[in-house]
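Working notes, structure below.
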Amino acid sequence: MKKILLIFALLSLAFSFTANAQSLDKPNLKWGNPTQEEMSMTNYSPDPEAEAVVLCKTTSQRYDIVAGEFKLYCQVKCRIKILKNEGKEYANIYIPYYSNGNRVGEREVVENFKGTSFNLVNGKVVKDKVSKDMITHEDISKKRSVMKVTFPKVEVGTVIEYEYTINSDLFVNVRDWDVQTSIPVAYTTYEIAFPEWFRQSVNMTGRYHLDVEQKTVNMSFYLGNQAIKCYGTRYEFTGKNLPALRKEPFVFDPKVYGQKVAFEIVGINFPGVAYKSFAVKWDDIDKQLLNDDDFGDVMKKNPLKKEMQEAGIYDITDRTKKINAIIQLLRSRVKWNEKISLTGSSASKALKDGSASNTTLNLMLIAMLNDASIEAHPAVLCTRDEGPFMASRPSMETLTTTVVVIPNGTDFDCVDCSSEHSGINVLNPLMVVNNARIVDSKNHDLWVDLTSKNIATSRCIINASIEENGLLTATRQSVYQDAEAEDIRDKYRDAKDQDEFLQKRFGDDNIEILEYSIQDIDDFTKPVKETIKFTQQLTATGDQIYVNQLIFPLVSESPFKSETRILPIDIPYKENHSISIIFTIPEGWEVEETPQPIAEVTESEGFALKIISQVTNNTISVMCRLSNNRLLFPAEEYTGLKMFFDDMAKHSKDMIVLKRKQ
């Protein structure tokens with residue numbers, strides 16, 4: 001009898017879990033009335049670590065004709081459950097829209113927003129609505145704005161629900177559907193119907209399954225008092241139990257790799273009207289940018305001509321020195337305001353404020369370079385945290401910022417003013433992309449690959465002597481170039497003083513610093529040179545001494561901890577590092593053991609590591625070379641990459657063993 005009761009209890013428990021899963025697979029679509037299961041839910045079983053979960057979200061886009069013009073209405077309804085304290089931030093809603101200076105007929109308007117917080121209080125559901133004072137609008141550029149909503153009385157266990165409609169005059173610009181978010185999505189749908197007169201294409205990205213239904217439907221519109229009927233094509237997409245896009249090591253932004261559906265209207269063939277194409281060419285985008293007050297006009301006039309004359313910059317004959325002098329002058333007058341944008345602002349405003357976005361600075365720099373007889377152009381691109389970018393689909397919407405491209409014979413140099421402590425060919429890692437388009441009124445379809453322009457390079461030479469008691473005394477001389485030099489400069493400036501800088505840099509290396517010097521830390525035109533004299537107490541047992549063959553580990557531990565990986569791996573920049581070490585061993589001692597030579601390479605010749613040691617009389621020479629020629633590794637290569645870094649951490653601890661001669 002007890003066994004029967006136990007089986008019955010287990011079956012009841014299993015049924016309760018199944019019922020809960022079904023409530024997510026078949027979501028509650030009665031808006032304004034969360035279910036008891038939703039209110040009492042304490043975790044999301046497919047992802048127990050989730051801070052919050054999108055229980056249900058529906059997106060519907062429909063067309064209408066108003067005053068003889070097409071309109072596009074996007075209606076969104078969403079219900080989110082807050083599961084942990086950290087999840088409260090998901091009760092702050094951001095709705096971007098195209099404001100365009102509030103120009104009628106050329107804008108989007110967010111309408112009919114409704115929001116409610118639902119909480120269980122003494123077993124009853126209590127509702128608190130979003131009031132007008134909890135809603136604000138903020139301009140994020142000249143043409144774009146964002147509506148911000150803060151929900152009331154949000155606690156762990158709260159369910160928030162909201163809905164709104166975006167009324168868009170820009171009926172050709174169909175909003176992309178970003179299916180995944182930074183929290184899991186239990187159920188989501190998207191539908192849109194296109195009249196038969198529209199010619200459209202659809203692009204789906206991501207690795208997860210969506211149910212897709214495409215069917216022909218009847219549609220009707222009113223043009224004045226006249227009803228116009230037509231057929232249409234309706235697309236319906238449904239996603240269930242989609243995982244969160246969580247931050248992982250070496251990913252600029254997970255959303256780049258999320259599930260997405262994007263539509264593009266390429267043309268309209270309305271009855272009685274000639275076919276109108278909306279297909280955009282890159283040349284059209286070039287012209288639009290060059291004619292923009294905050295882009296093309298900024299490049300037309302040198303804002304610091306007088307200052308350049310006074311500094312004698314026009315008389316400099318060396319090309320590189322002239323470019324660097326112009327960069328230095330601009331930075332002395334206008335600082336980067338830490339904003340990355342596609343368009344800028346006027347040079348006069350930047351000079352008055354003393355700060356500006358990277359693109360404003362880049363465009364000002366172009367004007368100064370061209371005035372100094374150095375040809376320079378802006379190159380527009382999509383940063384690595386905003387992709388994916390497809391050059392085959394011209395669109396202003398996919399572009400996010402600029403860099404400066406300076407032709408140099410058959411090659412080119414580049415500069416970006418968001419890299420504050422660097423000069424030529426050192427870029428913010430976000431800008432290191434393989435497709436950047438040069439905007440030039442005379443030459444068209446010019447694309448450049450920036451991935452070879454931001455290499456982290458270092459050379460290190462160590463001379464070390466070892467005493468019988470195991471005390472190692474050494475001098476390390478290092479030269480850091482390009483991206484590696486900028487990284488050192490950033491860390492040096494971030495530290496409150498040199499002591500803090502040294503502690504963060506060498507605090508885990510078990511050394512005592514005797515002397516330290518660093519050169520050209522403030523001169524971005526030169527490599528950074530560093531010299532450190534130090535001692536290190538090695539492990540000595542009387543007849544044996546154990547020496548770490550690299551002294552300073554390449555990595556103390558692998559950054560890749562998970563056994564599996566969902567997202568690709570973004571590497572900030574290519575790398576090339578060399579280390580040369582000469583150990584002098586004490587008299588009366590000899591080498592008992594050296595580590596085996598190391599030669600490892602990841603797939604497709606990405607990361608490569610070589611370490612080799614050689615004994616000659618009373619010296620040991622160690623040569624180490626670490627390089628990387630790739631910026632993107634697909635998730636399928638994660639296992640090999642993890643193994644490489646695990647091995648590198650292991651080999652960073654490999655020991656040379658010395659023994660006393662008999």
For Leu381, run the side chain to side chain contact (heavy atoms under 4.5 Å, CB included) check against Val403, Asn434, Leu399, Asn435 and tell me which one passes. Val403
Quick check: do Leu427 and Cys414 have side-chain heavy atoms less than 4.5 Å from each other? yes
Pairs in or reaching into residues 346-364: which pass salt bridge (Lys or Arg N to Asp or Glu O under 4.0 Å), with residues at least two apart or in two chains? Lys349-Asp353
For Thr401 and Thr383, what are the C-alpha separation, side-chain angles and deciding distance, and is it a side-chain hydrogen bond (donor to acceptor under 3.5 Å, both in side chains)? CA-CA 7 Å; Thr401 195; Thr383 50; over 6 Å; no
Any donor-acceptor N/O pair, Asp178 side chain to Gln180 backbone, under 3.5 Å: no
Give me the atom names and distance for the closest heavy-atom approach of Thr360 to Gly344. OG1-CA, 3.0 Å
From the list Val334, Val415, Val298, side chain to side chain contact (heavy atoms under 4.5 Å, CB included) with Leu361 holds only for Val334
I'd like to check Met390 versus Thr398 (side-chain heavy atoms, cut-off strictly below 4.5 Å). Are they in contact? no
Measuring only between side-chain heavy atoms, which start at C-beta, is Phe221 closer than 4.5 Å to Asp64? yes
Donor-acceptor pair, side chain of Gln259 and main chain of Arg207, under 3.5 angstrom: yes
Nearest heavy-atom pair of Asp385 and Asp253: which atoms, and what distance? O-CB, 3.5 Å
Checking Arg565 against Phe633: charged group under 6.0 Å from the ring centre and within 45 degrees of the axis? no
How about CD on Glu69, more than 12 heavy atoms from neighbouring residues, nucleotides or ligands closer than 6.0 Å, or not? no
Closest non-hydrogen atom pair, Ile316 against Ala325: CD1-CB, 3.9 Å
Spell out, as yes or no, whether a donor-acceptor pair under 3.5 Å connects the side chain of Asn100 to the backbone of Glu106. yes
Return yes if a side-chain donor-acceptor contact under 3.5 Å exists between Arg625 and Asn576, otherwise no. yes
If every non-hydrogen atom of Leu450 is compared with every non-hydrogen atom of Ala436, which pair is closest and at what distance? CD1-CB, 3.9 Å
Glu605 vs Asn629 side-chain heavy atoms within contact, under 4.5 Å: no
Where the side chain of Arg630 meets the backbone of Ile571, is there a donor-acceptor pair that is under 3.5 Å apart? no
Does atom NZ (Lys281) have a neighbourhood of more than 12 heavy atoms from anything else shown, all under 6.0 Å? no
Set of residues satisfying salt bridge (charged side-chain N to carboxylate O under 4.0 Å, His left out) with respect to Glu397, sequence neighbours excluded: Arg144
Quick one: are Phe171 and Gln61 in side-chain contact, heavy atoms under 4.5 Å? no
Under 3.5 Å, is there a donor-acceptor pair between the side chain of Lys453 and the main chain of Phe412? yes
Heavy-atom donor-acceptor pair, Ser604 side chain to Gly606 backbone, under 3.5 Å: no
Can you confirm whether Lys71 is buried at NZ, in the sense that more than 12 heavy atoms of other residues, nucleotides or ligands lie under 6.0 Å from that atom? yes
Phe263 and Phe198 aromatic centres sub-6.0 Å: no
Quick check: does any side chain N or O of Arg489 sit under 3.5 Å from a backbone N or O of Asp523, one acting as donor and the other as acceptor? yes
Hey, mind stepping through Ile327 and Asn324 against side-chain contact (heavy atoms from CB on, under 4.5 Å) and telling me if it holds? CA-CA 5 Å; Ile327 295 171; Asn324 285 330; 4.2 Å; yes
Are there over 12 heavy-atom neighbours, none belonging to Lys305, within less than 6.0 Å of that residue's NZ? yes
Using distance alone, with no hydrogens and no angle criterion, decide if Tyr573 and Glu484 have a side-chain donor and acceptor under 3.5 Å apart. no
Is there a side-chain contact between Val266 and Phe278, using heavy atoms and a 4.5 Å cut-off? no
For Asp294, is there an ion pair with Lys143 - N to carboxylate O distance below 4.0 angstrom? no
Is there a side-chain contact between Ser395 and Val280 (heavy atoms, below 4.5 Å)? no
Any side-chain heavy atom of Lys300 within less than 4.5 Å of one from Asp297? yes
Can a side-chain donor-acceptor contact be found between Asp416 and Asn362 if the only test is distance below 3.5 angstrom? yes
Looking at Asn358 and Ser341, would you say the former's side chain and the latter's main chain have a donor-acceptor pair under 3.5 Å? yes
If you draw a 6.0 Å radius around NZ in Lys287, do more than 12 non-hydrogen atoms from other residues or ligands fall strictly inside? no
Scan side-chain atoms only and decide if Thr359 and Ser357 contain a donor-acceptor pair under the 3.5 Å cut-off. no
Side-chain (Asp292) to main-chain (Gln288) donor-acceptor, under 3.5 angstrom: no
What heavy-atom pair brings Asp176 and Ala262 nearest, and what distance separates the two atoms? OD1-CB, 3.3 Å
Suppose we call two aromatic rings close when their centres sit under 6.0 Å apart. Are Phe645 and Phe607 close by that rule? yes
In terms of heavy-atom contacts, Trp336 and Cys417 come closest through CB-O, 3.8 Å
Under 4.0 Å between a Lys/Arg side-chain N and an Asp/Glu carboxylate O for Asp169 and Arg103? no
Carefully, step by step, assess Asp440 and Leu290 under the rule side-chain contact (heavy atoms from CB on, under 4.5 Å). CA-CA 8 Å; Asp440 184 0; Leu290 290 170; over 6 Å; no
